[in-house]
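Order of the sequence lines fixes the chain letters, A, B, ..., with proteins taken first and strands second; residue numbering starts at 1 for each chain.
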Amino acid sequence: MSKAITTREADYSQWYNDLVIRGGLADYSAVRGCMVIKPYGYALWENMRDQLDKMFKATGHVNAYFPLFIPKSFLSKEAAHVEGFAKECAVVTHYRLKNDPDGNGIVVDPEAKLEEELIVRPTSETIIWNTYRDWIQSYRDLPLLINQWANVVRWEMRTRLFLRTAEFLWQEGHTAHASKEEAIEETKKMLDVYAEFVENYMAVPVIKGVKTPNERFAGAEDTYCIEALMQDGKALQAGTSHFLGQNFAKAFDVKFLNKDNSQEYVWATSWGVSTRLIGALIMAHSDDQGLVLPPRIAPLQVVIVPIYKGEDSKPVIDEKANAIVHALRAKGVSVKYDHHDNARPGWKFAEYELQGVPVRIALGLRDIEQNVAEIARRDTREKQTVSLEGIDAFVEKLLEDIQENMYHKAKGFRDSNIREANSWNEFVQLLDEKAGFVSAHWDGSGETEEKIKELTKATIRCIPLHNPQEAGNCILSGKPSSQRVLFARAY
RNA sequence: CGGGAUGUAGCGUAGCCCGGUUAUCGCGCCUGGUUUGGGACCAGGAGGUCGCAAGUUCGAAUCUUGCCAUCCCGACCA
């Protein structure tokens with residue numbers, strides 16, 4: 001393993017790839033566009049998943065599981081939906097293999113063609129709404145608040161580790177409601193859950209907003225999103241929550257009997273976040289030394305590295321270190337004592353920095369004589385000497401500080417990279433020279449939006465919620481506009 | 001899916017143009033020893049379908065064709 005990772009300045013994309021691979025989060029696989037999530041990366045995902053799952057349960061949702069395969073006819077029932085996904089679906093056409101009669105290994109058995117082809121789910125609205133039809137009879141069956149943790153497949157032409165792979169892990173919530181108002185409330189509630197999770201646990205600040213019709217989820221009436229800013233100034237959609245209106249209820253004939261004994265179509269929402277969040281996490285916080293992980297979701301929060309001086313020092317240091325391990329575990333801190341003799345301290349320091357472990361404690365005889373330890377925090381790379389008395393409380397507090405500091409640092413960066421543009425020239429200049437979000441007036445038309453995208457590669461990331469109303473003129477067309485929207489180049 | 005680049009041990013590489021002993025070097029790995037406060041040192045050792053498959057040839061890492069994968073740039077998307 002070579003020592004240095006690519007710096008952000010030298011090659012941002014390569015830096016990102018280096019962190020994912022060398023940080024031990026994931027590997028490329030033998031399958032085009034698909035990645036292997038390694039134990040360290042999966043532990044990170046498990047922490048994210050577990051926390052989100054708690055938050056979903058706390059808001060009244062339950063988990064269920066629907067099939068990986070979707071009959072082709074289902075997908076075509078909602079016109080906008082099929083159009084949105086048709087170009088990236090994997091299709092199962094046969095159900096059996098056989099030995100090649102020419103002796104060249106194994107071939108698809110042409111006799112085993114499926115009557116109706118199956119689509120590997122790119123998302124599950126269709127199979128779920130087809131099922132909900134049977135589950136919903138009356139308003140008493142509503143709301144139906146279901147989430148599923150699953151893998152989905154979208155046949156992407158160009159893939160990037162975590163950010164865009166052909167198969168990825170996610171959760172998709174699918175809810176059914178008796179009224180439009182309640183469904184919209186659910187859509188916004190789950191957006192808030194996502195924002196709370198991403199900000200408080202991942203320490204990544206987000207902007208809540210609504211997508212323009214062009215950027216809307218295929219089949220939705222409204223798509224709400226949280227948008228985050230990466231260190232290279234590109235935006236990344238971190239989560240989406242959709243108000244689906246009655247589109248899927250109508251496509252799958254899902255009706256309920258209301259209190260007045262009349263049939264109504266059900267109102268729907270769906271919402272999801274994926275392993276893409278891991279990409280956001282990496283690009284929001286990490287530095288040229290490696291990953292920087294927020295304590296609240298880091299697979300390992302604290303590592304203790306002993307500094308041995310001769311065989312005699314081992315039992316002394318081990319004893320003190322183990323005492324710290326026990327004290328920290330008692331406080332619910334995840335900690336590892338790396339006493340392995342196959343690497344020297346300097347090597348371990350670099351390795352744990354690469355892996356983004358928030359806190360490192362170095363402990364040697366010299367420290368023990370003075371009843372102290374050296375504590376290094378990953379986010380600022382600062383070191384300090386701390387008394388062994390009450391070191392557990394100190395670390396507990398430090399982890400909170402790191403979490404806070406990471407959020408504020410990311411927020412400071414994000415806030416200083418939202419700029420207003422009041423002319424086309426200024427708009428183009430800001431995008432090219434500063435990147436980040438550009439807040440500008442837009443005339444509200446899809447044509448203008450498309451044109452701006454063509455000219456600058458920037459898209460409207462969102463119309464922020466609670467957006468201040470302000471009269472102005474569209475940056476491109478000059479037509480009147482009532483509010484600014486956020487533009488950025490995006491992942 | 002279009003353009004460009006790459007693929008030799010776990011990682012990084014030399015060799016390829018101009019075919020010819022046992023495929024080079026460094027890191028890592030194993031054994032033993034000395035070490036340990038920012039990626040240690042000495043000695044010995046193991047590890048290879050040269051991305052895969054055909055072809056040309058007496059002979060292919062090297063030449064030809066096809067395929068696979070990865071990276072970068074476009075079009076598409078979470």
Side-chain angles (χ1 to χ4, degrees), chain A residues 1-6 11-14 16-18 20-22 27-35 83-89 104-105 122-123 152-172 194 211 214-218 223 225-228 235-242 270-280 289-290 305-311 313-314 317 338-354 360-368 372-374 376 381 383 385 453-454 457 459 461 490-491:
Chain A
M1 193 183 285
S2 60
K3 283 181 188 176
I5 53 175
T6 307
D11 185 342
Y12 193 85
S13 296
Q14 193 55 49
Y16 174 81
N17 289 332
D18 281 0
V20 173
I21 302 292
R22 303 264 303 281
D27 252 336
Y28 294 108
S29 76
V31 186
R32 182 189 196 93
C34 295
M35 64 190 281
E83 195 181 328
F85 287 103
K87 285 170 289 184
E88 50 186 22
C89 286
N104 296 320
T123 178
V152 288
V153 168
R154 296 181 188 175
W155 214 259
E156 297 291 347
M157 292 303 158
R158 190 175 165 191
T159 57
R160 298 202 59 189
L161 295 165
F162 287 116
L163 297 174
R164 189 176 296 108
T165 46
E167 180 192 13
F168 57 94
L169 304 184
W170 79 344
Q171 58 67 219
E172 46 182 325
Y194 288 154
K211 288 291 189 189
N214 277 349
E215 299 280 328
R216 205 177 267 163
F217 173 75
T223 288
C225 63
I226 49 174
E227 292 285 328
L236 186 141
Q237 179 175 302
T240 50
S241 183
H242 314 291
S270 70
W271 27 274
V273 295
S274 71
T275 39
R276 189 181 217 207
L277 282 177
I278 294 175
Q289 272 65 241
V305 177
I307 315 289
Y308 293 129
K309 274 272 198 300
E311 282 295 315
S313 68
K314 287 190 182 182
I317 295 170
D338 186 354
H339 60 274
H340 296 293
D341 199 23
N342 54 357
R344 300 175 74 233
W347 191 90
K348 292 177 182 173
F349 292 175
E351 195 60 22
Y352 289 113
E353 277 172 15
L354 176 59
R360 179 187 73 228
I361 302 175
L363 191 63
L365 276 188
R366 214 164 70 194
D367 301 305
I368 290 173
V372 297
E374 181 195 80
R381 303 188 77 222
K383 294 186 227 183
T385 302
K453 187 177 173 185
E454 255 173 58
K457 288 172 193 152
T459 49
R461 300 319 303 158
Y491 278 97

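Residue-level contact check: A:Glu156 touches the bases, meaning some heavy atom is under 4.0 Å from a base atom. Among the protein residues, A:Leu163 comes within range of the nucleic acid bases, having at least one heavy atom under 4.0 Å from a base atom. Here A:Thr165 lies in heavy-atom contact (under 4.0 Å) with a base. Among the protein residues, A:Phe217 comes within range of no part of the nucleic acid, since none of its heavy atoms lies under 4.0 Å from any strand. Across all strands, A:Gly33 comes closer than 4.0 Å only to sugar-phosphate atoms, never to a base (heavy-atom distances).
Side-chain atoms of A:Lys383 come within donor-acceptor range of the base of B:G38, with a qualifying N/O pair under 3.5 Å. Side-chain atoms of A:Arg154 stay outside donor-acceptor range of the base of B:C77, with no qualifying N/O pair under 3.5 Å. Between the side chain of A:Arg344 and the base of B:G37, no donor-acceptor pair under 3.5 Å is found.
Note: A:Tyr194 and A:Trp271 have perpendicular aromatic rings, judged against thresholds of 30 and 60 degrees for the angle between ring planes.
When distances run from any side-chain atom of A:Ala350 to the nucleotides B:C1, B:G38, B:G37, the shortest one goes to B:G38. The listed nucleotides are B:A78, B:A40, B:G38; the one nearest the side chain of A:Ser274 is B:A78. Closest to the side chain of A:Asp341, out of B:G38, B:U35, B:G37, is B:U35. You'll find that the side chain of A:Arg360 is closest to B:G38, out of B:A78, B:A69, B:G38. Checking B:A78, B:A69, B:G37 against every side-chain atom of A:Arg276, the shortest atom distance belongs to B:A78. With distances taken from any side-chain atom of A:Glu353 to the nucleotides B:G37, B:C1, B:G38, the minimum falls on B:G38. You'll find that the side chain of A:Phe349 is closest to B:G38, out of B:U36, B:G38, B:A78.
Note: CE (A:Met157) to P (B:A78) measures 15 Å, nearest angstrom. Taking atom CZ on A:Arg32 and atom P on B:G51, their separation rounds to 19 Å, with Å as the unit. The NZ atom of A:Lys211 sits 12 Å away from the P atom of B:C77 (whole-angstrom rounding). Distance, A:Gln237 CD to B:C77 P: 12 Å, rounded to whole Å. Atom pair A:Asn342:CG and B:A40:P shows a separation of 12 Å (rounding to whole Å applied). One interatomic measurement links the two molecules: NZ of A:Lys309 to P of B:U34, which rounds to 17 Å at whole-angstrom precision. Nucleotide B:A78 holds its C1' atom 12 Å from the OH atom of A:Tyr194, rounded to whole Å. Between A:Arg461 atom CZ and B:C77 atom P there is a gap of 12 Å when expressed in whole angstrom units.
In this structure B:G28 sits in no base pair that meets the Watson-Crick or G-U test at under 3.5 Å.
Separation of the C1' atoms belonging to B:G44 and B:C67 is 44 Å when rounded to the nearest angstrom. With both ends at atom C1', the span from B:A78 to B:A5 equals 28 Å, rounded to whole Å. Rounded to whole Å, the separation between the C1' atoms of B:G10 and B:U21 comes to 29 Å. Here the separation of B:A53 from B:G45, taken at their P atoms, is 33 Å to the nearest Å. Taking atom C1' on both B:C18 and B:C29, the two are 37 Å apart, rounded to the nearest angstrom. B:G33 and B:C17: their P atoms are spaced 48 Å apart (whole Å).
Ionic pairing of A:Arg22 and A:Glu351 is not present here: no N-O contact between side-chain nitrogen and carboxylate oxygen is shorter than 4.0 angstrom. A salt bridge is absent between A:Glu167 and A:Arg154; no separation between the charged side-chain nitrogens and carboxylate oxygens falls under 4.0 Å.
Not counting sequence neighbours, the partners of A:Tyr12 by the ring-ring contact (aromatic ring centres under 6.0 Å, His included) test are A:Trp15.
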Chi angles and distances behind the side-chain contact (heavy atoms from CB on, under 4.5 Å) call for A:Arg360, A:Glu353: CA-CA 9 Å; A:Arg360 179 187 73 228; A:Glu353 277 172 15; 3.1 Å; yes
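Taking 4.0 angstrom as the limit, A:Arg164 places none of its side-chain polar atoms (N or O) nearer than this to OP1 or OP2 of B:A78.
Aromatic pair A:Tyr16/A:Tyr491: centroids not less than 6.0 angstrom apart.
A donor-acceptor contact under 3.5 angstrom links the side chains of A:Thr223 and A:His242, judged on distance only. Looking only at atom types and distance, the side chain of A:Asp11 has no donor-acceptor partner in the side chain of A:Thr6 under 3.5 Å away. Using modelled atom types and a 3.5 Å distance limit, the side chains of A:Tyr308 and A:Asp341 yield no donor-acceptor pair.
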Would you tabulate the nitrogen or oxygen pairs shorter than 3.5 Å linking the protein to nucleotides 71-73 of chain B?
from  : atom 1 : to       : atom 2 : distance (Å)
B:C71 : OP1    : A:Tyr28  : OH     : 2.8
B:C73 : OP2    : A:Arg158 : NH2    : 2.4

